[in-house]
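All figures in this text were calculated on a predicted structure; none of them were measured in a lab.
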Amino acid sequence: MRGLRLLVVVVCALAVVSGATAATFSYSVTTTSPVTVTGVTLTGVDQSQTFAVVSRVAYTNGGNTAGWKVQASATVPTSSGHTIPDLDVTAGNFACVTGCTTNPTNSITYPLTLGTTAQTIYNAAVNTGRGTFNVTNTFEMTYTANAFPGTYSSTVTLTGSTGP
Amino acid sequence: MRRRLLAAALLVLALPSLAQAATKQPVFGLRAAGNPKLGYFVYSAAPGAARNGAVIVSNSGNAAGTVKLFAADATTGRTTGTVYLTDARPKSAGAWVTLASKSVSLRPGTSKRVTFTVRVPTGQKTGQWVAGIVAEASSRVAGKKSSQKASVQIKIRNQTIVGVQTNVPGTAVSTFEIGKVTSGGQRGFQQLITHIANTGNQLVHPTGRVTVLKSNGDLVQTLPFAMDTFLPQTAIDFPLLLKKALPPGDYKANVTLSVPAAGGAAAHTVTASPTFSISKQDVQQIFTSAQPQAPPPGVTASSSRSSSTTWIVIAAVAAVLVLAALAWLLLRRRRGPADERRETTFERPTAPPAPAAPPAAPSAPEAPPEATEPEPVAGDCEHLWEVDYDRGQLGADGVWRFPHRCRTCGRELMASDVADATAQSAVRL
């Protein structure tokens with residue numbers, strides 16, 4: 001049964017879709033909201049699950065130099081007043097979609113623990129990240145040994161920005 | 001039951017195409033009109049002056065939608081870099097920006113120009129101050145509740161931001177302060193956290209290093225770093241992942257921050273040598289809670305160069321999992337119910353489990369504990385190991401070990417997995 005759950009997670013990751021874009025700078029999350037993370041049967045030991053969120057960054061004007069960032073914040077997962085630990089971001093990857101003249105150079109060190117104040121979870125350094133890219137960030141959440149049963153909710157705010 | 005499992009597996013394989021066909025959504029872009037080089041706005045304005053600009057909001061998705069527009073303050077993110085406080089009412093540079101529209105509705109393939117004004121307050125101090133113009137897609141989709149015992153539903157908000165930097169002329173000041181150093185982290189990743197404040201008025205990108213010394217002066221490790229943008233009048237608790245875990249004790253951190261020249265202020269170096277302590281409780285908190293399910297991705301970011309390669313790998317993994325699920329079902333059919341009951345409770349050495357992978361980077365806060373060895377019941381025992389993954393300990397060799405107890409012969413020892421436990425048991429007999 002555990003193997004099958006893993007299979008569901010992997011195959012659901014294949015289900016993400018995206019739309020085309022061609023602005024100077026645009027950002028959109030292509031993973032459909034809400035994401036339901038595969039549940040677990042509580043066993044009295046800590047258990048963790050991962051899920052991926054794919055977003056698309058288009059930085060398509062050839063003269064662009066500033067680079068770009070993806071930032072994230074998240075509320076604590078809560079269910080009827082009970083909480084489990086903050087979400088972590090454990091990885092970030094890019095894949096070229098189209099017109100990639102300079103791949104992004106990412107300087108972020110993982111893992112990062114998300115809080116309600118935003119922090120950068122992926123970036124393209126100055127003079128990099130020109131083109132249209134899919135950015136996939138892996139999130140990890142932990143059901144602690146003493147977690148209460150229930151459906152926990154968290155809101156993740158993902159932001160693409162270009163600036164100083 | 002098995003038929004249901006197989007049907008479920010086939011259904012989830014069909015999900016990607018179903019989802020692709022069903023998903024229609026707007027994709028909003030934001031462009032800094034008239035400022036193509038940087039892609040964001042940079043204004044120079046004295047106190048009391050105003051500047052006008054415009055953003056072009058576009059929808060390149062395949063559905064109509066409405067986007068909210070508002071201004072936000074910027075600050076320095078925990079790992080440095082400009083981040084925007086989009087959940088708070090703007091109090092500083094974000095409050096200087098007034099947009100002509102608060103929302104825009106767009107059909108697919110259309111765009112709209114929205115003007116804005118930046119008005120610098122009278123009496124504003126010299127410096128480089130940053131705000132952001134935010135476009136937030138307002139679509140929210142309600143999700144089904146899970147029937148499983150514990151699950152998490154993640155709602156995603158989607159924002160696009162273009163920065164607005166306003167330079168208020170005057171004397172550039174570049175000063176930094178280094179505060180206390182503490183240790184932190186969780187789930188097997190130990191961090192050194194240094195409080196750093198930009199007390200000047202310029203945007204800078206410092207570099208530096210933290211050298212960790214024992215209380216007797218012996219060098220433990222050096223952690224170099226390069227920061228992203230550090231905004232003026234902001235402070236952060238800057239985390240650095242330790243290459244090697246620090247055991248309990250007293251330490252000194254030699255922190256060196258190299259600040260480049262900025263806006264006429266000269267380059268300079270700031271140093272400090274705060275002391276810090278790590279308690280046994282600190283170490284336990286980091287290394288005895290849930291471990292990551294996979295080895296950490298390393299100190300730096302990983303990248304993929306080809307989306308097709310990634311999808312091929314994912315598809316291959318999915319196929320392998322389907323085959324594994326089928327093989328598992330066949331195996332269960334052959335073994336019968338007695339074996340099934342035993343497998344759900346105990347771990348056999350012939351089929352070692354995949355315990356939570358230990359973190360690769362940190363090693364030994366403490367020496368590995370001595371294995372306890374009760375009286376063996378039988379010399380030639382077929383071990384059925386019970387493993388307590390909640391009481392793992394990180395050894396001096398960087399390997400996690402967990403209490404193993406043999407249900408058959410009562411032997412108890414610390415081992416990395418059941419194969420290790422069986423090997424240790426054979427040596428001791």
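Scanning both residues, A:Thr155 and B:Arg157, for their nearest heavy atoms gives CG2-CD, 3.7 Å. Across all non-hydrogen atoms, the minimal contact from A:Gly163 to B:Tyr84 is CA-OH, 4.2 Å. Across A:Phe25 and B:Thr160, no two heavy atoms sit closer than the pair CE2-CG2, 3.7 Å.
Each of B:Asp87, B:Val162, B:Asp228 has some count of heavy-atom pairs under 4.5 Å with chain A, and the biggest count is that of B:Asp228.
A:Ala118 touches chain B through backbone and side chain together, each having a heavy atom under 4.5 Å away. Proximity to chain B is absent for every atom of A:Val126, based on heavy atoms less than 4.5 angstrom apart. For B:Thr80, the part lying near chain A is the backbone, with the side chain staying farther off; criterion is any non-hydrogen pair under 4.5 Å.
Under the 4.5 Å side-chain criterion, counting only non-hydrogen atoms from C-beta, B:Tyr40 is in contact with A:Pro164.
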### Task
Kindly indicate, with the supporting measurements, whether the criterion side chain to side chain contact (heavy atoms under 4.5 Å, CB included) is fulfilled by A:Tyr110 and B:Leu241.
CA-CA 9 Å; A:Tyr110 302 98; B:Leu241 191 63; over 6 Å; no
### Task
Show the numbers, then the answer: is there a side chain to side chain contact (heavy atoms under 4.5 Å, CB included) between A:Leu112 and B:Thr79?
CA-CA 9 Å; A:Leu112 303 166; B:Thr79 53; 3.6 Å; yes
### From CA spacing to verdict: side chain to side chain contact (heavy atoms under 4.5 Å, CB included), A:Val156, B:Lys155
CA-CA 6 Å; A:Val156 175; B:Lys155 292 173 188 165; over 6 Å; no
### Message
Assess the residue pair A:Thr151 and B:Val152 against the criterion (side chain to side chain contact (heavy atoms under 4.5 Å, CB included)); give the C-alpha distance rounded to whole Å, side-chain angles, the decisive distance to 0.1 Å, and a yes or no.
### Response
CA-CA 5 Å; A:Thr151 299; B:Val152 170; over 6 Å; no
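Identified under the disulfide bond (SG atoms under 2.5 Å apart) test for residues 99-144 of chain A, with sequence neighbours left out: A:Cys96-A:Cys100.
We find the CD1-CZ distance between B:Ile154 and A:Phe139 to be 8.5 Å, quoted to the nearest 0.5 Å. Atom CD of residue A:Gln71 and atom OG1 of residue B:Thr82 lie 9.0 Å apart, to the nearest 0.5 angstrom. The OG atom of A:Ser73 lies 9.5 Å from the CG atom of B:Leu85; values are rounded to the nearest 0.5 Å.
Residues passing the side chain to side chain donor-acceptor pair (under 3.5 Å) test with A:Ser153: none are found, sequence neighbours excluded.
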